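Only one structure is covered here, and it is reproduced in the block below.
Note that the coordinates shown come from a computational prediction; the quantities given were computed from them, not determined experimentally. Protein chains get the first letters and strands the later ones, always in sequence-line order, with residue 1 at the start of each.
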Amino acid sequence: MPLADDLAAAGVAAGSTVALVVAPVGVALAWDGGARQLPGDVSVLAPELARLDVRWTWWSARESAGPLVAVAGRAAGRAGPRLRACWDLAAVSRLLHGTSREDAAAVWSAHRGLVEPPPPRGELDLLDLGDEDGSAIRPDGQLSREWVAGGWADDLTRALRWAELALEVQAAQESALRALPDPRSEARQPPLAVLTAYAESGAALLALELEHDGLPLDRDVATGLIGAVTGPRPVDESHATAQRRGRDDAVLRLFPDAGAVDLRNPAQVRVMLARIGLDLPDTRSWRLEPHAASLPPVAALLAWRKAERLSTTYGWSWLDRHVGADGRLRGRWSAAEGAGRMSAQAGLHNMPAELRPAVRADPGWVLVRADLGQVEPRVLAVVSGDAALATAAREADMYAPVAAALHSDRPTAKVAVLAAMYGQTSGPAGAALRDMDRAYPRAMAYLRTAEEAGRAGTDLRTYGGRLLRLSRVRVGDEGDMSFDDRYPPSAWGRFARNAVVQGSAAELFKAWAVTVRAGLAGSPGRIVLCLHDELLLHVPAEDAAEVSALLVTALQATARWWAAGSGVRFVADVAVGESWAEAH
DNA sequence: TCGGTCACGTA
DNA sequence: CGTACGTGACCGAG
């Protein structure tokens, strides 16, 4: 009997939650009131699984969906069935509990309210096993270290137990999310936090697909761009050294007595600059910029820095390490980092704009780019419930009405809004900030509340329910506090003020992205890059118009539930081109 | 070999 | 002295 019919007969309704565990020997499914063991290779089972209309629950997309994503692309072809709705316990755990780890041990301990155990290491230590007796849960309530290390994969009976535990965690996570207050001015079902869990789970799956599919990059174009800055690809190490020397000398010649100054050593550069009369606290480019016009050596140094950046971070070794033979740039993706933004390695998120011409569609395909306009101030209008700011956010350009309300010009209005969200304390925004307080009191109060929570060490949640852990741990008995080591106390307030806006915007963005992904089902087009407020899609040329429309309708559909009742409008700018640069 | 600092790319 | 992120070169401690 086909699996779909089997599950239907077993009472699994469309859209219901089914836990999925993928083991080498087969697949285990568990749902409320039933279970199945499906022996066999996942590559054979994958297409049928992908066609089922259920919400897959897995410990993490990487563990369970990884094999399916790899198989679906290969076996089913580019337009084959894709996994649909899911519930990613690791992603939701990060949302609900504000933890950073995604291993099952951390997910489980957060679920049971236990101390987070040490992260699993590569190899099992006998000491780890303690008095484990082979069962999944230890006497102390933690997950078995053996199971966490992959012991669930030994046979289908264990895989099924692993699926049943996933089902338990899912139910607890969902009811905890349902218990959170719905922040929308028009509360609806399902609650916003549950919808956010769906989106965060989908984003974790999307992250895996981004890793698998890669970003199309034309090696020849990239070679031309890099070569124009650094010279031709060096044939050996001495050639590379000579190229570097040539670039260095062109700068050093312009400084008197520069001699053997190492341009890569900021201390030496600072001394060198002092000799031409520039006494600066550091040598950062924004400090040098004002002197570039009057001092040719400084202009040369800044140009050198740009070239050096390209040759070290985005040069030949970058190309060799991260671009595959198939012309795809691949790096590891994370669906939620810190405040909740996606992040990516291999330079995918910080590639210099000069290299964008190298991001090129395959022949017969195009890149469709869409970015959200003024997303953070619009998000602030939604999350703070500020009626006046929401009215401004009904416009395509919301800074125009803000400028009118502040009796200022548009640039000043923009700086004032950004300054409020980012916690800027100095500069020319001061007066405009006081006007902001008068015009948008609820938005400003919302930000101030977040800042005070940051300073006081009180946990916060984003609009979608992401826990921002701001509480400080008491370290010594003298009461010295240590928060996250990254932040000095002076920055805690600014961090929190920004995190509630940036994190909520990231939730909207991911909800949009997974809606777009769903809209691409059955077509060969793919999302190939997520960049905080920008999506880049690789699609057949003949699909360009349809996909462009999808990007807009998906945003409207997302905003309907995300910003329900706020009146805030979200806008996207869409463009099509052969390259990323052209699609701007 | 490691962590800290500086620097800089993107949003 | 606006926030977030990832990356690489250099330095000094171990």
Side-chain angles (χ1 to χ4, degrees), chain A residues 100 215 229 244 248 261-270 280-289 301-318 321-322 329 331-356 359 369 371-376 379-380 414-430 433 447 450-451 454 462 466 468 484-488 490-506 509 529-536 580 584:
Chain A
S100 58
L215 180 69
V229 172
R244 273 199 300 275
D248 295 2
V261 165
D262 180 0
L263 292 175
R264 293 160 191 82
N265 182 327
Q268 292 185 29
V269 169
R270 191 166 164 252
L280 301 170
D282 60 61
T283 73
R284 290 183 157 84
S285 56
W286 64 267
R287 249 188 241 286
L288 300 178
E289 210 72 61
L301 176 60
L302 287 169
W304 177 91
R305 282 255 178 89
K306 242 176 137 52
E308 181 70 4
R309 166 70 43 186
L310 196 73
S311 73
T312 55
T313 309
Y314 302 98
W316 307 117
S317 70
W318 173 73
R321 267 178 302 170
H322 302 300
L329 169 60
R332 200 177 168 101
W333 282 81
S334 160
E337 211 51 59
R341 277 185 168 187
M342 296 180 83
S343 75
Q345 299 181 331
L348 281 155
H349 269 182
N350 41 4
M351 186 191 307
E354 317 153 57
L355 283 180
R356 288 183 181 189
V359 177
R369 185 194 63 84
D371 73 288
L372 301 178
Q374 304 169 345
V375 63
E376 292 195 343
V379 163
L380 175 61
K414 181 175 176 175
V415 167
V417 171
L418 297 178
M421 288 189 297
Y422 298 160
Q424 186 181 320
T425 50
S426 66
L433 279 173
L447 293 167
E451 177 168 350
T462 60
R466 178 175 302 280
L468 301 169
D484 206 301
D485 306 335
R486 288 174 300 173
Y487 299 103
S490 60
W492 290 339
R494 278 202 307 275
F495 167 78
R497 177 185 277 260
N498 183 247
V500 288
V501 178
Q502 189 190 95
S504 301
F509 174 79
L529 189 71
C530 298
L531 196 47
H532 309 314
D533 65 354
E534 177 174 349
L535 284 172
L536 193 67
W580 191 11
H584 260 89

Donor-acceptor contact below 3.5 Å, side chain Arg270(A) vs main chain Leu280(A): yes

Keeping the roles fixed (side chain from Trp318(A), backbone from Ala346(A)), state whether a donor-acceptor pair exists under 3.5 Å. yes

With a 4.0 Å cut-off on heavy atoms, is Arg287(A) in touch with a base, just the backbone sugar-phosphate, or nothing at all? nothing

Hey, what are the protein-to-nucleotides 4-6 of chain B N/O distances that come in under 3.5 Å?
none

Run the side-chain contact (heavy atoms from CB on, under 4.5 Å) check on Leu310(A) and Leu355(A) step by step: do they pass? CA-CA 9 Å; Leu310(A) 196 73; Leu355(A) 283 180; 4.0 Å; yes

Would you say the base of dA7(B) and the side-chain of Arg305(A) have a donor-acceptor pair closer than 3.5 Å? no

Determine the contact category for Arg264(A): base if any of its heavy atoms lies under 4.0 Å from a base atom, sugar-phosphate if only primed atoms, P, OP1 or OP2 are that close, otherwise nothing. sugar-phosphate

Categorize Arg497(A) for me: base, sugar-phosphate, or nothing, with a 4.0 angstrom heavy-atom threshold over every strand shown. nothing

What nitrogen or oxygen pairs link the protein and nucleotides 11-13 of chain C at under 3.5 Å?
unit_1	atom_1	unit_2	atom_2	d
dC11(C)	OP1	Asn265(A)	ND2	2.7

Using only atom types and a distance under 3.5 Å, with no angle test, would you say the side chain of Arg497(A) pairs donor to acceptor with the backbone of Gly493(A)? no

Just compare dA11(B), dA4(C), dT7(C) and give me whichever is closest to any side-chain atom of Arg309(A). dT7(C)

Considering every strand and a 4.0 Å limit on heavy-atom distances, what is the contact class for Arg356(A): base, sugar-phosphate, or nothing? sugar-phosphate

Among residues 343-352 of chain A, which contact DNA chain B at a heavy-atom distance under 4.0 Å? His349(A), Asn350(A), Met351(A), Pro352(A)

Atom CG in Leu372(A), atom CG in Leu535(A): separation rounded to 0.5 Å? 7.5 Å

Within the structure shown, what part of the strands sits under 4.0 Å from Ala506(A) by heavy-atom distance: base, sugar-phosphate, or nothing? nothing

